[in-house]
Novice: 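Take this structure first; my questions come after.
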There are 2 protein chains.
Amino acid sequence: MPASGCDGCIARHKGLCSALSPDELARLSAVARRRRFAAGQTIVDDQQELPYLANVLSGVVKLTKTLVDGREQIVELQFPADFVGRPLGGPSGFRAEAAINVELCTFARSRFEQVMRAVPGVERRLLQHTLDALDAARAWMVLLGRKTAAEKVASFLLILAQRFRGAAGAGSGWVNAVRFELPLTRGEMADFLGLTIETVSRNMTRLRSIGVIRLQGMRTVIVPDMERLTAASECPLEHAAQEPAPRPDGMRAVCVG
Amino acid sequence: MPASGCDGCIARHKGLCSALSPDELARLSAVARRRRFAAGQTIVDDQQELPYLANVLSGVVKLTKTLVDGREQIVELQFPADFVGRPLGGPSGFRAEAAINVELCTFARSRFEQVMRAVPGVERRLLQHTLDALDAARAWMVLLGRKTAAEKVASFLLILAQRFRGAAGAGSGWVNAVRFELPLTRGEMADFLGLTIETVSRNMTRLRSIGVIRLQGMRTVIVPDMERLTAASECPLEHAAQEPAPRPDGMRAVCVG
DNA sequence: CGAACTTTTGAGGAGCCTCAACCCCAGTGG
DNA sequence: CCACTGGGGTTGAGGCTCCTCAAAAGTTCG
C-alpha cells in the first residue's frame, strides 16, 4: 500500500501513525497490509502471539478472557485508530475477536519493531497509548467492582455515546442528542459488564422506560440528554421516573435517574 | 545519592534501573532522593500530578479510585521494584497511598524525562512495565467481573503467595509451604476484591477451616499446598472440606476446594 | 486496665442470577 | 404459502449469593 493511501486514514490522524514523518510513514506503509475479519471471527487466540501488529481502521475488536468453566469477561473494546497487539512480544493471554465486521491495517512484527527502534516517536506514542489503555482498564475495574447493574449499563452506554458524539444527533429533534449503534449483543454487553444477559436486558428496558435512552430497533440508541445518562452512570438509586420534584433550596440533586 | 548506593537496590536488579548502564545510572541517581511514607499516608491525590516519578524500594503502595458517594476500589498494588507515577504527564485520576510503611526512590519529573529521552532503553523498559501492568489489570477485571467471593479471596492470597514464594516456608513443617504477611487490612482487601469486609472475613475463615490456609495472628498467612489454593482461585464450588472422594475413573477432579 | 479499632459471627434482606416461557425476526425448505 | 428452526431479546418467578445491620470477640496501645 503506498503511503499516499494513508492520507485519509484515521490512524494517520488520531492513531499511532500520527507520530510518523512522511518518509517514516512510507517505510511502514510499504509493509502494511489490510485484513478483514467478519463479525464473530477470531483474530488471535489466547496463548498465541499475533504474527503482526495492527491499527483498527473500522469496526470494533473485543479482547476477552475465558475461565476454565466457560465464564467469560471482555476486558477491552478497541475502536478505529486503536492499536491491536502486544508490541514487545509474548502472548498476552487474551483472545481478540471481531465484534462486528473489522478492517485492520497490519504490519509484520519484525518489520514493525525495526521501525520502532529507528523512530523514537513510535515508541513514545506506543507508551502513551498503553498508558491510556491502562487508565481505561482501571476505570473499568471500578465499574466491575463497585457499581450496580443499572450504573454499569448506563456507564457502558455513556462511553459509547462519548466515542460517537458529533457523529449523530442532527435531525433527531433534540439539541444535544447523541445517536449511535451498539457494537455488541446483549450477551456481549453482559460479558463486558460482569452481568447476565437478563440483567442487561432489564436495565436497558428500565433506562428506556424512564426516558434516559430511546431505542430504534435492537442496536440503535439515542441519548436525548447526556447529563441524565452521566448521572445514571454513577448513582446507585434511580428513583425519578421523570423530572425529580424541585428541591426547596433550588439546588439540583446529584442523582436524577 | 551516589550510584554505588544502587548496588544492592531491588530496582537496579528487577526494576527500571536494570535498563541503565553504570554512567546512565549515575546520571539518574545524582538526582534521586529517598522518601518515606507511613502506613495510611497519601503519596499523591487523584487529579494531581506527582512532581516526581519513583521506584518502590520497600513496602506496598495501593492505587485507589473513590466514587462520589464513597464507594472505593483499589485498582493496583505496587510492590518493591515497581514503578510509581505516570511518565508522560497528566494526572491519572487515581490516588496513591502507602498501604504499609513505604520507601520510595524518587526522581524529579523533568530530570527523569531528560534521561528517558537520552536513553532508549528506559523508554522500552517503561513500555514493558506498562504492558505488564495492563495485563495484570485485565486479569483483575476477570476476577472482579466473573469470580465468586470465595475465588476472589483465594486469588488474592495466591498472587501474594506467588510474590513472596521463596522468602518463606522453611521450618513451617511443610515442604512447599509459603508464608507471607498480608499488606492489607480486611477492609482494604474488600476494596481490592469488590466485596465487603464481612464477606472477606467469612471467606478467610472458610479457607482456614478447610485447611487451604493457616493464619498466625491477623496478618500472617501460611499456604501449605499451593495447588489447593490455585484450585480454589478458579473454582466456583468449594465443597470438599478435606480430600474429595476418589473418582471411579481415577482422575483427579479439577476443583479440590 | 480500659478505650478505640479491627475482625468475626449472626440474622435478615436485596440484588442479581437461574431457569423457563414467550416474542420477534430471518432463513430454509416442504 | 407457511411450517419449521435458530438466534437474539424480553419478561416473569424463584432462589442463592452477597450486602446490610448489629453485636460480640479479639487486638492494639495509651
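Values below: every heavy atom of this structure, side chains too, minus hydrogens, waters and symmetry copies. Values in this document were obtained by computation on a predicted structure and should not be read as measured data. Proteins get letters first, then strands, A, B, ... in listed order; numbering begins at 1 in each.
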Novice: Name all residues meeting the salt bridge (Lys or Arg N to Asp or Glu O under 4.0 Å) criterion together with Arg146(A); count only those two or more places apart in sequence or in a different chain, and write none if there are none.
Specialist: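 Expected list: Asp191(B).
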Novice: Does Met218(B) reach a base, just sugar-phosphate, or nothing at all? Heavy atoms under 4.0 Å.
Specialist: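 Sugar-phosphate only.
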Novice: How would you summarise protein contacts on nucleotides 18-25 of chain D per nucleotide, using B for base, S for sugar-phosphate only and - for none, with heavy-atom distances below 4.0 Å?
Specialist: SSBB----
Novice: Measure across Ala137(A) and Leu134(B) and return the closest heavy-atom pair with its distance rounded to 0.1 Å.
Specialist: CB-CD1, 4.1 Å
Novice: Would you please name every residue forming a ring-ring contact (aromatic ring centres under 6.0 Å, His included) with Tyr52(B), sequence neighbours left out?
Specialist: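 If we apply the ring-ring contact (aromatic ring centres under 6.0 Å, His included) test to Tyr52(B), skipping adjacent residues, there are no hits.
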Novice: Going by the side-chain hydrogen bond (donor to acceptor under 3.5 Å, both in side chains) test, which pairs reach into residues 154-163 of chain A, not counting sequence neighbours?
Specialist: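 Those involving residues 154-163 of chain A are Lys147(A)-Ser155(A).
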Novice: If an axis is fit to five pairs at each end of the helix from dC1(C)-dG30(D) to dG30(C)-dC1(D), what is the angle between the two, to the nearest 10°?
Specialist: 20°
Novice: Excluding sequence neighbours, so at least two apart, what forms salt bridge (Lys or Arg N to Asp or Glu O under 4.0 Å) with Arg36(B)?
Specialist: Glu103(B)
Novice: Give me the residues of residues 69-78 of chain A where at least one heavy atom lies under 4.0 Å from an atom of DNA chain C, by number, or none.
Specialist: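 Output list: empty, so none.
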Novice: Grab the CZ-C1' distance between Arg219(A) and dG7(D) for me, whole Å please.
Specialist: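 Nearest whole value for this atom pair: 12 Å.
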Novice: Please state how far atom CG in Leu215(A) lies from atom C1' in dG9(D), giving the value in whole angstrom units.
Specialist: 11 Å
Novice: Go through the structure and list residues passing salt bridge (Lys or Arg N to Asp or Glu O under 4.0 Å) with Arg186(A), not counting sequence neighbours.
Specialist: none
Novice: Please list, chain by chain and in numerical order, all residues satisfying side-chain contact (heavy atoms from CB on, under 4.5 Å) with Arg202(A), sequence neighbours excluded.
Specialist: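 Applying side-chain contact (heavy atoms from CB on, under 4.5 Å) to Arg202(A) gives Glu198(A).
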Novice: Would you list the atom pairs, donor with acceptor, under 3.5 Å between side chains in residues 37-48 of chain B and any protein atom, with sequence neighbours excluded?
Specialist:
{"from": "Gln41(B)", "atom 1": "OE1", "to": "Ala38(B)", "atom 2": "N", "distance (Å)": "2.7"}
{"from": "Thr42(B)", "atom 1": "OG1", "to": "Arg95(B)", "atom 2": "NH1", "distance (Å)": "3.1"}

Novice: With Glu76(A), which residues qualify under salt bridge (Lys or Arg N to Asp or Glu O under 4.0 Å), at least two apart?
Specialist: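 For Glu76(A) the salt bridge (Lys or Arg N to Asp or Glu O under 4.0 Å) partners, ignoring immediate neighbours, are Arg138(B).
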Novice: Measure CZ/Arg186(B) against C1'/dT8(C) and give the value in whole Å, please.
Specialist: 9 Å
Novice: Atom CD1 of Ile197(B) to atom P of dT7(C): distance rounded to whole Å?
Specialist: 7 Å
Novice: Rounded to the Å, how far apart are Leu193(A) CG and dG15(C) P?
Specialist: 18 Å
Novice: Between Arg86(A) and Asp132(B), does a salt bridge (Lys or Arg N to Asp or Glu O under 4.0 Å) hold up when you go through it step by step?
Specialist: CA-CA 10 Å; Arg86(A) 200 187 149 92; Asp132(B) 290 343; 3.0 Å; yes
Novice: Could you give the CD-to-P distance, from Gln216(B) to dT27(D), as a whole number of Å?
Specialist: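 After rounding, the gap between these two atoms is 13 Å.
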Novice: Would you mind listing every ring-ring contact (aromatic ring centres under 6.0 Å, His included) that reaches into residues 182-210 of chain B, with sequence neighbours excluded?
Specialist: Trp140(B)-Phe192(B), Phe156(B)-Phe192(B)
